[in-house]
Amino acid sequence: MTTDKAYLKINNQEVELPVETGTEGEQAIDIKTLRASTGGIVTVDPGYKNTASTRSKITYLNGEAGILRYRGYPIEELADKSTFTEVAYLLIYGELPDKKTFDKFVADIKDKSFVNEEMKNIIDGFPRSAHPMGILSSLTGAMTAFYRDVTDISNKEVLYNTIVRTLGKFPILGAWAMRKRNGWPLTYADSRLSYVGNILKMMFEKPMEPYQVNPVAERALDKLLILHADHEQNCSTSTVRLIGSSHAGLYASISGGVSALWGPLHGGANQAVLEMLEQIRADGGNVKKYIDKAKDKNDPFRLMGFGHRVYKNFDPRARIIKKSADEVLAELGVDDPLLDIAKELEQAALNDEYFQARKLYPNVDFYSGIIYRALGIPVEMFTVMFAIGRLPGWIAQWKEMRENKEPIGRPRQLYVGPAERHYVPMENRK
Ligand code: ACO
């Protein structure tokens, strides 16, 4: 809804731009007509720090107040009361499902929880040293070769089938990436288990004995996946939307999202946090030394798991995960010295003027790795777990972008390279 106007004075001209107000009162200047009305003037905003790329009804995030809600529901309530599969439905379809709809959704996902055997040939081609995120991204792209990738979303049934198929198969690919690394046989889900129970089974089941799902581990992982399920227009989600905006299919778009998530400034931070904590422990546990390194502008070291593009307050997910880490480790009887180092590091940073002045707080990744570690998940798999958690968000955002009939994503640029010049034959070059 347009509630106000903004005025821009440029080149002796005044341009009137509409101002839109979102559900929670946040305002945005609509610059859609700027180029046309100014004869080609654009805005420049590297990293999109001031740019809303879309209007979305999925996730509300207030970084100043530390608020996160999926479809209006506070993340704290969902983490406490819901399940990952229910949250997936909520994100993708907008409402909490009634029992009949939900039972069908769960059954349909289970029905699709196998992948074409020929996908195993592709995995065989990877060296065992391959990073599981590289394998996951490739296998997700390879899905397009085995299953019809939906590019026309007008058929609701085809879209629904693609969604449940993606939810059913993606965790298998993630688990297989780990099994490949371990040299273990590739296994499938068991339809008697829950979605999250199956993820644990597919990752840890050994050929010589039946796998028993530990309910503490199952609930802990379920909660972590809920916390990762969506985070509005972050780097990987924007990638998924951008790829999908060319009307590329869902698997192709998600494959790109996995690659975007892999980077250490995004989802790869959970692996980087654990490696950092290990390094601090190996270095004698000198927390102050690493705080000083993080503050030193001549040192590339950053405190991994700290800071966020949007949160300038506590990441609400970090609060939940910190509490959960304490509970899970106690329930599983795990005593991890890295948890003590993490807590010491957090306190030191929160009390330090450098971090206070820049509003750098622990983010979702700071404690998640401690829980993954307690569950026996190898460090290289941490970002895969994040990807499995983020899958419903990617699907929901891709679907919304297509249903909104958004145009192809194609940013402008400000050219600052050489002005026109003419070709010089090689023999005449200095
Ligand atoms: N350690 C030390 N200093 C930091 C850190 C950090 N983790 N994060 C930001 N800063 C400093 C920067 O050096 C900069 O200082 P300056 O103003 O003196 O130059 C200031 O804080 C602002 O930082 P930017 O990099 O401009 O902030 P931006 O919003 O671009 O980056 C990011 C956010 C990438 C998350 C950053 O905080 C970071 O690199 N954190 C560590 C990696 C991490 O944990 N990533 C996970 C993010 S959550 C997620 O994607 C799931």
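Indexing begins at 1, ligand by ligand and atom by atom, following the structure's order.
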Donor-acceptor side-chain pairing of Asp230 and Thr59 below 3.5 angstrom
yes

Any side-chain donor near an acceptor of the partner, Thr54 and Gln233, under 3.5 Å:
no

Are there more than 12 heavy atoms of other residues, nucleotides or ligands under 6.0 Å from atom [atom1] of [X]?
{"X": "Lys293", "atom1": "NZ", "value": "yes"}
{"X": "Gln212", "atom1": "CD", "value": "no"}
{"X": "Lys156", "atom1": "NZ", "value": "yes"}

If the cut-off is 4.0 Å to any non-hydrogen atom of [X], which atoms of ligand 1 fall inside it?
{"X": "Ala269", "result": "43 (C), 44 (O), 45 (N), 46 (C)"}
{"X": "Leu265", "result": "39 (O), 45 (N), 46 (C), 47 (C), 50 (O)"}
{"X": "Ala294", "result": "2 (C)"}

Give the residue, atom name and distance (to 0.1 Å) of the protein heavy atom nearest [atom].
{"atom": "atom 41 (C) of ligand 1", "value": "Phe306 O, 3.4 Å"}
{"atom": "atom 35 (C) of ligand 1", "value": "Gly307 O, 3.7 Å"}
{"atom": "atom 27 (O) of ligand 1", "value": "Lys49 NZ, 4.5 Å"}
{"atom": "atom 48 (S) of ligand 1", "value": "His308 CD2, 3.5 Å"}
{"atom": "atom 42 (C) of ligand 1", "value": "Met304 CE, 3.4 Å"}
{"atom": "atom 17 (O) of ligand 1", "value": "Arg358 NE, 3.8 Å"}
{"atom": "atom 14 (C) of ligand 1", "value": "Lys297 NZ, 4.0 Å"}

Report yes if [X] has an N/O atom closer than 3.5 Å to an N/O atom of ligand 1; otherwise report no.
{"X": "Phe386", "value": "no"}
{"X": "Arg309", "value": "yes"}
{"X": "Gly305", "value": "yes"}
{"X": "His266", "value": "yes"}

From the list Phe105, Phe84, Tyr195, ring pair (Phe, Tyr, Trp, His ring centres under 6.0 Å) with Tyr89 holds only for Phe105

For Lys288, is there an ion pair with Asp292 - N to carboxylate O distance below 4.0 angstrom?
yes

Does [X] approach ligand 1 within less than 4.0 angstrom via side chain, backbone, both or neither, non-hydrogen atoms only?
{"X": "Arg302", "answer": "both"}
{"X": "Lys295", "answer": "neither"}
{"X": "His231", "answer": "neither"}
{"X": "Val364", "answer": "side chain"}
{"X": "Tyr354", "answer": "side chain"}

Show which side-chain atoms of residues 411-419 pair as donor or acceptor with protein atoms under 3.5 Å away, not counting sequence neighbours.
from, atom 1, to, atom 2, distance (Å)
Tyr415, OH, Pro418, O, 2.7

NZ or CZ of Lys81 within 45° of Tyr73 ring axis and under 6.0 Å:
no

Note: heavy atom closest to atom 9 (C) of ligand 1, options Val310, Leu303, Leu360, Asn363, belongs to Leu360

Does the ring center of His231 lie less than 6.0 Å from the ring center of Phe386?
no

Whether [X] and [Y] hold their rings parallel, tilted or perpendicular, with breakpoints at 30° and 60°:
{"X": "Tyr361", "Y": "Phe314", "answer": "tilted"}
{"X": "Trp262", "Y": "His131", "answer": "tilted"}
{"X": "Phe366", "Y": "Phe306", "answer": "perpendicular"}

Please check atom 37 (O) of ligand 1 for a protein heavy-atom neighbour under 4.0 Å.
yes

Heavy-atom distance from atom 6 (C) of ligand 1 to the protein below 4.0 Å?
yes

